[in-house]
*Asks:* 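Below is the structure I would like to discuss, written out as structure tokens.
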Amino acid sequence: MANIFRKLPSVNQLLESPQLKQMVQTVNHSVVADGVRSFLDDLREQVSTESGEVTIPTPSEIADKIANWLKTEEKPYLRPVINGTGIILHTGLGRAPLANSAIESVQKISEGYASVEVDVRTGERGQRIKSVEKLLCELTGAEAAAVVNNNAAATMIALSAMAQGKEVIVSRGQLIEIGGSYRLPDVMECSGAKLREVGTTNKTHLFDYERAINEETGALLKVHPSNFEVVGFTKTVTTKEMVALASEHGLPVIDDVGSGALIDFAEFGLMDESVVSQSIKDGADIVLFSGDKLIGGPQCGIIIGKKKYINTILSNPLMRAMRVDKMTLAALSATLLIYRDESRARTEIPILRMLSMPRENLKLRAEKVVTQLSHLTEFMTCEPVEADSMLGGGSLPTQKLSTWCVALTPNDHSVDRLAAGLRNGEASVIGRVQKDKYFLDMRTVQPSQDACLVESIESYCGDFKAEAE
Ligand SMILES: *Cc1c(COP(=O)(O)O)cnc(C)c1O
């Protein structure tokens with residue numbers, strides 16, 4: 001065994017190899033040296049656990065392996081992805097892609113200094129919310145607005161500012177958990193408000209709220225169920241009814257509408273998502289929603305409503321911890337500006353464009369991609385397949401959009417291997433496994449990425465062949 005180890009090249013010897021010398025130039029010395037050490041450790045470990053004959057690769061082969069491994073390691077963790085999952089608001093893939101004007105605005109505002117908290121007209125100190133407040137009020141009919149990091153933060157600060165140490169009444173049918181550790185009871189506990197559950201899972205009546213109101217009550221909270229639906233024998237209380245009851249007792253109603261649609265999604269065939277302005281019309285005192293769900297803007301939590309409560313929220317110490325930066329404000333402001341003209345919104349907001357993409361168009365694109373892949377029959381079967389896209393991001397969970405996919409069935413190797421290969425290629429392609437096939441949904445692949453998608457699959461097959469030889 002000891003003899004075998006002696007055959008391994010030394011760290012210095014490897015660092016002198018042309019391949020790794022070049023890596024030192026492009027990365028840096030200590031990263032490459034650490035990489036070489038840990039690679040050699042792994043190799044020693046492998047050799048000592050292997051029973052029977054072991055052949056040690058030549059120093060040059062080892063250097064090649066290390067160089068390839070380091071190249072993969074050095075690829076940024078955060079990189080662009082081609083979304084073939086069909087999930088339009090995929091939280092793991094960053095939810096909404098931004099509109100061009102939002103991207104341009106981020107660039108313009110972030111490359112230099114900007115009037116984040118200075119009112120350039122007067123030269124006085126201003127509030128950073130001013131850059132988006134006017135637009136938010138105009139588009140929703142609210143009196144005032146605030147913006148924080150995400151809707152979880154919006155919920156936390158609204159509860160903390162308006163009901164700390166007090167009871168907040170919530171229907172048992174609305175105590176939701178959303179992926180990635182958002183559980184309403186936990187958020188409420190963190191805010192310092194006390195959860196007062198009323199009703200049952202499927203039915204909550206107005207009298208349930210009424211009976212729970214006492215001198216400890218701080219607010220009534222309504223929460224959009226988002227990622228689930230209760231069907232059958234059900235009853236929920238409307239915002240209007242809650243507002244009427246709350247105002248009799250001088251209490252505010254907080255409405256967490258979740259996805260935050262600024263236009264009616266019924267035109268895309270998606271029902272049950274009311275527009276944000278409806279909640280304001282119905283009299284909710286504070287309305288909360290995400291900036292990166294149905295609005296299609298940057299990640300943020302938007303708080304709109306009565307001036308008195310917005311002022312309470314703005315002066316809460318948590319505001320400083322949750323405030324958004326200039327890039328978010330720039331992207332949000334540019335995105336909201338598009339909504340002044342709904343027809344512009346439908347063509348310029350990427351998620352709305354994806355939602356309204358005609359099926360026939362998706363079918364043609366899937367067929368074209370399949371034709372371009374027809375020379376790969378040695379590796380896989382490619383076919384256009386009809387399927388369903390999902391909205392995702394906890395929005396409209398039971399509603400599907402009919403779509404067209406490119407389905408890949410690898411010959412003689414697993415779908416998992418294909419998935420890993422496409423993920424790790426030059427462009428990271430992510431699809432979904434369905435019935436032992438790999439589906440790439442054309443609705444979430446941008447039309448400008450079709451050519452790159454074809455190249456990625458071709459390049460995967462090329463690598464596959466090279467490895468087999
Ligand atoms: C998505 C969602 C949240 C969480 O919003 P984030 O912006 O992801 O923090 C909170 N409440 C509801 C009802 C939601 O749908």
Side-chain angles (χ1 to χ4, degrees), residues 87-98 132 136 145-160 162 168 170-191 193 195 204 219-230 236-239 242 253-262 265 270 272-276 278-279 282 284 286-305 313 318-319 321-325 328-329 331-332 335-336 351 390-399:
I87 300 169
I88 294 172
L89 292 171
H90 196 301
T91 302
L93 300 182
R95 289 199 188 150
L98 294 179
V132 287
L136 279 171
V147 181
V148 289
N149 250 317
N150 48 34
N151 195 14
T155 309
M156 176 102 90
I157 196 170
L159 291 171
S160 188
M162 295 166 69
V168 173
V170 191
S171 157
R172 287 198 170 87
Q174 297 174 354
L175 292 175
I176 56 169
E177 168 171 328
I178 296 172
S181 78
Y182 179 99
R183 305 180 97 198
L184 186 65
D186 299 344
V187 172
M188 192 171 287
E189 195 178 316
C190 269
S191 76
L195 172 61
T204 301
L220 272 59
L221 173 65
K222 186 167 188 268
V223 185
H224 191 294
S226 298
N227 51 5
F228 79 105
E229 251 171 47
V230 180
T236 52
V237 178
T238 64
T239 309
M242 282 174 74
V253 170
I254 302 170
D255 190 5
D256 176 5
V257 297
S259 296
L262 290 178
F265 276 69
L270 297 166
D272 307 332
E273 192 64 53
S274 64
V275 288
V276 172
Q278 189 59 47
S279 180
D282 290 344
I286 285 292
V287 182
L288 315 168
F289 50 100
S290 301
D292 53 353
K293 288 185 181 172
L294 295 181
I295 291 181
Q299 178 193 303
C300 61
I302 300 170
I303 308 172
I304 55 169
I313 290 168
L318 279 177
M319 194 64 209
M322 294 174 173
R323 75 179 185 190
V324 292
D325 77 325
T328 305
L329 287 172
L332 180 61
T335 305
L336 293 173
I351 68 148
M390 300 284 282
L391 205 49
S395 305
L396 307 176
T398 55
Q399 302 201 30

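Just so you know, ligand 1 is whichever comes first in the structure, and atom 1 is the first atom listed for that ligand. Index from 1, following the sequence.
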*Asks:* Looking at Ser290, which atoms of ligand 1 are within less than 4.0 Å of one of its heavy atoms?
*Replies:* 5 (O), 6 (P), 7 (O)
*Asks:* Within the 4.5 Å heavy-atom criterion, are Cys190 and Met156 side-chain neighbours or not?
*Replies:* yes
*Asks:* Any N/O of Ser259 closer than 3.5 Å to an N/O of ligand 1?
*Replies:* no
*Asks:* Does some side-chain heavy atom of Ile351 sit less than 4.5 Å from a side-chain heavy atom of Pro97?
*Replies:* yes
*Asks:* Nearest heavy atom to atom 13 (C) of ligand 1 wins, so pick from Ser226, Gly291, Gly301, Pro225.
*Replies:* Ser226
*Asks:* Return the option from Lys293, Lys222, Gln299, His224 holding the heavy atom at the smallest distance from atom 14 (C) of ligand 1.
*Replies:* Lys293
*Asks:* For a 4.5 angstrom cut-off between non-hydrogen side-chain atoms, does Thr155 reach Ser191?
*Replies:* no
*Asks:* Which ligand 1 atoms are under 4.0 Å away from a heavy-atom of Arg95?
*Replies:* 6 (P), 7 (O), 8 (O)
*Asks:* Any idea which atoms of ligand 1 are less than 4.0 Å away from a heavy-atom of Ile178?
*Replies:* 1 (C), 2 (C), 3 (C), 10 (C), 11 (N), 12 (C), 14 (C), 15 (O)
*Asks:* With a cut-off of 4.0 Å, which atoms of ligand 1 are near a heavy atom of Asp256?
*Replies:* 10 (C), 11 (N), 12 (C), 13 (C)
*Asks:* Within the structure provided, determine whether Val223 and Leu175 are in side-chain contact (heavy-atom separation under 4.5 Å).
*Replies:* no
*Asks:* Roughly how far apart are Asn150 CG and Ile302 CD1, rounded to 0.5 Å?
*Replies:* 11.5 Å
*Asks:* What about Ala152: any of its N or O atoms under 3.5 Å from an N or O on ligand 1?
*Replies:* yes
*Asks:* Against Met242, only a single residue in Asp282, Val237, Leu221, Thr236 fulfils side-chain contact (heavy atoms from CB on, under 4.5 Å); can you say which?
*Replies:* Val237
*Asks:* Counting C-beta onward and ignoring hydrogens, is there a side-chain heavy-atom pair between Met319 and Val148 closer than 4.5 Å?
*Replies:* yes
*Asks:* I'd like to know if Gln174 contacts ligand 1, where contact means a heavy-atom distance under 4.0 Å to any ligand atom.
*Replies:* no
